[in-house]
Every structure is written in C-alpha cells, then in structure tokens.
Amino acid sequence: MGPPPGALQIATMPRPPRRSDAGRVRVQESCPMSRFARAFAELLAPATGLDVDELAAAIGPPPRPEMGELGFGCFPLAKLLRKAPPAIAAELAAAVAPAGAIREVRAEGPYVNAFLDPQIVAREVLPDVVDRGDAYGTLDIGRDGCVPVDFSSPNIAKPFGIHHLRSTVIGHALVRMLRAAGYRPVGINHIGDWGTQFGQLLAIWELEGDEQRLREEGISYLLALYVEFNTRKVEQPELQDRARAMFKLLEDGEDEARRLWKLFRDVSLAEFERVYAMLGISFDDICGESFYENRMGAVLEQLAGKQLLTESDEATVIDLEAWDLGTALVKKRDGSTLYLTRDLAAAEYRHETYTFVRSLYVVGAAQALHFAQMIKVLDLLGKPWHAAIQHVPFGMMRFDDRKMSTRKGDIIFLEDVLVRAVDLARETIEKGAREKGRELPENIDEQAHKIGVGAVVFNDLKNRRTRDVVFKWDEVLSFEGATGPYLQYTAARIASMKEKYGRAVSGDVDFSRLSDPDELRLALAIEALPHSLRRAVDACEPSFVADRLLDIAARFSTLYARKDWKVISEDEPLTAARMLLAASTRQAIVNGLDWLGIDVPTRM
RNA sequence: GCGCCCGUAGCUCAGUUGGAUAGAGCAUCGGUUUCCUAAACCGGAGGUCGCAGGUUCAAUUCCUGCCGGGCGCGCCA
C-alpha cells in the first residue's frame with residue numbers, strides 16, 4: 001500500500017526560487033532536538049540503561065524556573081527497577097556528574113532536574129544565530145524533496161472575500177516553512193475557473209451582460225451579476241438549468257462562451273493580483289481547473305479500465321461505500337464533469353510534473369470527504385503515491401455580528417480588510433509621533449503596510465488552523481498583545497539599539513556577563529526556534545512557530561523593561577554581550593516571521 | 001440518522017507523543033516613562049479543563065456514553 005520510497009524521492013522541476021537563497025546556503029546539519037535536552041539525556045543514559053533518543057523525548061521543562069531548566073520524570077523506570085520514582089530520582093541525581101552546559105543535577109520528588117549554565121548556553125546558542133543570520137533556524141530535513149502546495153485557490157466567479165484569507169495565508173506560510181526546512185515547495189493556485197458557476201454567469205450575461213461595465217467595474221460587476229443570478233433564480237428556477245446548459249456549451253468549446261469565460265477570468269485574475277501583491281504572495285503555478293479540462297478523458301478511461309465506474313440515475317459514479325466514503329460523482333447526467341474529476345486529473349498531473357515527496361491541499365475542513373474520496377480513488381487506480389497526498393484542513397471563518405451571504409452580495413472583501421489595517425497602522429504611527437514629539441518617518445507608507453498586513457496575517461496564523469474563527473474587526477485590527485505588530489515592535493526596538501550601538505555585533509564576547517536567569521531563558525527560547533519549525537512543517541501547523549516567536553519576544557520584553565538591565569552602557573564587554581543576545585533575539589523573530597510570510601519594518 | 005472537527009478564566013486561545021501548584025493575550029483593578037521606542041513591562045482578581053463513567057501509580061490529555069456548537073453526507077466547488 002505504501003509508496004515505494006525510491007519512487008518518491010526523485011525530484012524534478014527545478015524551478016528558480018522566488019526569494020534569494022543567498023542567505024540560506026548553509027543549513028543546520030544536526031537533528032534539531034534541543035541540544036541541551038540531548039546532553040542531559042546522554043548524561044542520564046548510562047545510569048538508566050535507556051536509549052538516548054527515548055530519554056531525550058521524555059525530557060521537558062519543569063513547571064517553575066527555580067526547579068531548573070530540564071526535568072526527567074522517573075516513572076518509566078519504576079516498573080523496570082521495581083523501585084519508587086523518588087528513590088530512583090535520588091539515586092540518579094547522585095550518580096550523574098554534571099558536565100558541559102549542565103551545571104547541576106538535582107532530585108526533586110520523582111523528578112531529576114538539570115540546571116543549565118547560562119554562560120555555556122549563551123556561548124553555544126548565540127554566536128551561531130548571528131553567524132548564520134537569515135539562515136538561522138533553517139533545516140535540511142526536506143532533503144530537497146518536492147512538495148506541491150495547493151492553496152488560496154479562489155473562485156473566479158465569486159469575489160475574493162475575507163474567507164479566502166485562511167487558505168491563502170496558511171498555504172503561503174507552509175510554502176515558506178517548507179523551504180526553510182529544506183524542501184522544495186511549489187506554490188500552486190488552483191484557481192476555480194471552471195464549473196457550473198460559469199454557466200451561471202453566462203446565463204445571466206445573455207440576459208443583461210454589459211461588456212463596457214465589466215471592463216470599467218471589473219470584479220464588482222461580476223459580483224453584481226452573481227447576485228442578480230441568485231435573485232432571479234428564486235422566481236425563475238429554469239435559470240439553473242440554463243446555467244448548466246451554458247456550462248456544457250463552455251465545456252464543448254463554443255466560441256462565444258469561451259471568449260466570455262476568458263474575459264471573466266482575465267478581469268478577475270488582475271484584481272486578485274492586487275491582493276496577492278499586498279500580501280507579498282506569488283505562486284509558482286497558477287493553472288486553474290480549466291487547465292485540466294482536456295486531461296479528464298484520460299482519468300475517466302483509467303477509472304473505466306479498473307471497472308470502478310457505475311451508472312446511477314444517469315450519472316457516472318464510483319461506489320466507495322466499502323470504505324465508508326459514500327458515493328463519488330465523477331460525471332453529471334448531462335455528461336459534464338465535476339471537481340472530483342478535475343482534482344483527480346490535477347493530482348496525476350502534479351505527480352508526473354513534480355514527483356513529489358508530499359503533496360498538500362490547503363482547503364477548508366468542509367472538504368474532508370472530498371479529499372478522502374480523491375485519495376481513495378487514486379489508491380484504487382493503483383497509484384502508490386496517493387499516500388503522499390495530504391489534505392491540510394482549516395476551520396471555517398464565520399461572521400458573528402450579522403449573517404453574511406455571498407449570494408446576496410453581502411461580503412467583506414479581503415482587500416478592504418487589508419486596506420483598513422494599513423490605514424489604522426498609519427494612524428497609530430502618526431499618533432505616536434504626535435504624542436512623543438517625533439518626526440514622521442519618511443517611509444511611513446511602507447511601515448504602515450508591513451504593520452497592517454502583518455497584523456491581519458499573524459492574527460490568522462497564531463491559532464491552530466483547525467479551529468473555526470469568527471471574524472471580528474477589532475480582533476483583526478488589534479496591534480496589542482499577542483499580535484504581529486508586537487513581534488515587529490520587539491524587533492524594531494532592537495534594530496534601533498543596534499543602530500545606536502553603531503558597531504557590528506560580534507559573536508565573540510565575554511559570556512560570563514550573560515548569567516542572568518532571564519537571559520538564560522531567552523537564549524533557550526531562541527534555541528527552540530528550529531524545533532518549532534520542524535514541528536510546524538511535520539504537522540503543517542504554522543501556529544507552532546507563531547507561538548515560539550511570541551515566547552521569544554515576551555522574554556526579551558521582560559528583560560528590556562527591567563530598570564537594572566540596559567543593553568547599552570559604559571561597560572563595553574557587558575554591552576557587547578547583551579548586544580549579541582539582543583541581536584540574536586531580533587534575528588530569530590525576523591526569521592520566524594519570514595517563514596510565516598510577514599515582513600518586519602526596521603522602525604515603528 | 002451516519003461521519004469528521006470542536007467544548008480549558010467574562011472574551012479569544014496555548015497546553016510539545018499521560019506526569020510536578022493548568023498558562024498567555026484581551027477586558028477589569030492597581031502600579032511603571034528625567035534612563036536603549038509605553039504597539040511595552042510588573043502585580044491583583046478571575047478556572048469543578050462541558051457532564052458521567054472507564055483504563056492507569058498518575059487523565060485537561062487515552063477509551064465509551066451523554067449534552068452543547070460547527071461542518072459534511074449525488075449531479076455546486
């Protein structure tokens with residue numbers, strides 16, 4: 001059942017990466033499991049007889065700082081040694097001699113806790129961060145394996161609303177995280193440019209279409225037509241039949257239908273492009289559903305060849321009841337196709353074109369059955385690579401305050417949300433300048449853009465993607481607390497300190513000056529960033545990185561606000577050491593936000 | 001009816017393969033700016049982890065059943 005490993009590892013499609021890879025040449029070689037947990041595990045291993053990896057996985061942070069930085073519960077050993085965990089802990093603590101970064105090992109109830117040496121931790125973590133710069137935290141776990149990521153995929157006949165935000169930003173973050181982890185992602189915008197919806201547009205178009213208005217008003221006119229279709233449909237149910245007929249006409253290649261379809265598509269794409277530009281998103285591949293139009297015959301032939309097709313109510317279906325996946329419809333009564341048919345063709349095309357190691361579909365959780373069916377059908381077709389395909393579901397976006405209905409034209413445009421966020425960011429900058437008597441930055445537009453867009457994007461990425469979200473303006477437009485601007489602000493403060501410092505940050509400092517517990521915690525948080533990337537990539541969960549970034553920023557902010565802790569002082573060795581810590585903090589935040597697709601302004 | 005997801009503080013959410021006194025942000029109350037950016041920081045108050053069983057030395061975490069919410073289940077995508 002599983003894919004032959006060799007077959008999936010041959011990578012093709014050498015597409016030039018969008019971003020410069022200059023800073024990302026060197027990648028981390030080692031396993032990103034925390035090196036200190038591992039060191040502790042190696043210390044404990046001989047005394048316990050347990051495997052180092054097993055041990056390292058069981059090591060976690062104690063609940064309170066005064067209990068040390070790492071803890072191991074002796075419960076698994078209790079059964080083996082037939083002793084009470086506290087007794088084992090006491091024996092282990094006595095038997096283990098501290099070494100390296102671990103300066104003390106102490107038993108605490110059933111736990112053996114390790115206390116780390118802040119100086120050694122700082123020396124092992126921080127110089128590496130400034131040395132590697134933009135590459136800090138990147139991994140090579142992907143082994144250059146190709147991973148198509150299907151995301152955003154707006155429907156052209158419908159407006160680009162706020163509900164498209166989720167797939168768009170989650171998918172974009174996955175692409176960037178995969179690249180940072182050493183994979184070769186291919187961002188695919190599987191535009192919904194085919195299907196009955198175009199029949200609907202064509203049906204209403206023949207009644208009242210106005211090409212002049214379309215060219216002038218663009219997508220909002222398409223929305224108006226869409227709304228008009230749905231309004232009229234109530235009184236004229238036959239309009240729906242007409243829509244299906246029109247789609248059939250389109251699928252059969254009728255000239256005028258084709259021409260209009262192309263016009264709708266071009267007008268829509270041009271407007272989508274504005275939103276993508278605001279978000280800083282580009283795709284490697286934008287073939288929409290229409291691209292697979294002439295590939296569906298081959299799919300249907302394969303299905304027929306495997307005896308999978310049956311007739312039911314004049315439609316063509318695949319019976320998947322044996323796998324509790326219901327019945328999958330591949331051809332309508334009138335012979336036209338459905339999106340499952342197109343997705344099967346697309347899956348095959350992607351496999352042929354990219355020879356992927358994983359193939360991701362960032363599509364709402366509501367489509368879970370559809371993808372389960374698609375994967376099962378590929379399995380039945382004898383495609384071993386079906387196992388590499390993964391639906392990455394996310395919770396739907398709802399609107400609390402009022403009922404929203406796209407069909408009635410009631411919609412929040414994604415572009416409007418971004419514009420409002422940017423406007424609010426600009427106001428905040430202006431207000432700050434007024435109140436603190438500072439001059440307005442000369443690049444205020446750029447700043448406001450990064451902050452506003454960053455707020456909207458981070459707000460969507462910070463929680464686990466499977467949760468449903470209720471759209472609320474005040475949450476999307478919040479710049480305080482656990483938000484994108486908070487992270488950007490932390491980075492901006494450090495940037496201005498670096499400027500004041502005026503020298504290059506050196507990794508060669510007197511580490512004995514970094515002995516504060518808060519400094520130790522910060523260094524450990526920075527060290528944990530690559531681990532969060534690994535987990536995020538494995539689980540397709542950007543919030544793991546977002547979470548870690550908030551932790552890093554919070555730890556730095558705590559230090560920063562302390563009266564007794566200033567980075568820049570008369571004491572030059574101390575300044576150099578703290579500058580290294582601060583610069584590492586900024587680098588970690590900038591890198592992590594970059595993986596999430598969020599820019600960082602140098603000033604705020 | 002069947003299936004999938006979810007239920008943790010007033011609100012929005014974390015909780016890393018079961019483990020020590022369940023953590024943040026917002027809101028609220030009280031503090032912090034002659035000193036590197038207050039979009040920040042510190043402190044207070046606030047929780048029967050939906051309910052009931054079960055497994056386990058140990059359950060917010062795993063299992064079962066209820067209750068409550070979301071989504072899906074053939075000619076839309």
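In the text below, chain A, chain B and the rest are named by the order of the sequence lines, each starting its count at 1.
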Q. Thinking salt bridges, do A:R603 and A:E499 make one under a 4.0 Å N-O criterion?
A. yes
To the nearest Å, give me how far apart [atom1] ([X]) and [atom2] ([N]) are.
X: A:F371; N: B:rC73; atom1: CZ; atom2: P; result: 14 Å
X: A:D518; N: B:rC42; atom1: CG; atom2: C1'; result: 12 Å
X: A:Y486; N: B:rA39; atom1: OH; atom2: C1'; result: 10 Å
X: A:F75; N: B:rA20; atom1: CZ; atom2: C1'; result: 7 Å

(Q) Would the distance check show the side chain of A:T575 and the main-chain N or O of A:S569 forming a donor-acceptor pair, the cut-off being under 3.5 Å? (A) yes
**Study point:** Under 3.5 Å: donor-acceptor pair, side chain of A:R513, backbone of A:R578
**Key:** no
When all nucleic acid strands are considered with a 4.0 Å heavy-atom cut-off, which category describes [X]: base, sugar-phosphate, or nothing?
X: A:S312; result: base
X: A:R244; result: sugar-phosphate
X: A:K462; result: nothing
X: A:R333; result: base
X: A:A78; result: nothing
X: A:R603; result: base
X: A:I568; result: base
X: A:G326; result: nothing

Does the base of B:rA20 carry an N or O that pairs as donor and acceptor with the side chain of A:N113 under 3.5 Å?
yes
Compute whether any side-chain donor of one residue and acceptor of the other, for A:R342 and A:T337, lie under 3.5 angstrom apart. yes
- Query: For B:rC36, does OP1 or OP2 lie under 4.0 Å from any side-chain N or O of A:S496?
  - Reply: no
Using a cut-off of less than 4.0 Å, is there contact between a side-chain N or O of A:K332 and OP1 or OP2 of B:rC76? yes
Paired with A:W194, the ring pair (Phe, Tyr, Trp, His ring centres under 6.0 Å) test is passed by just one of A:F264, A:W261, A:F291, namely A:W261
Problem set entry | B:rC11 versus B:rA77 - spacing of their P atoms, nearest Å | 40 Å
Note: for A:K500 and A:E289 on RNA chain B, the residue whose nearest nucleotide lies more 5' is A:K500
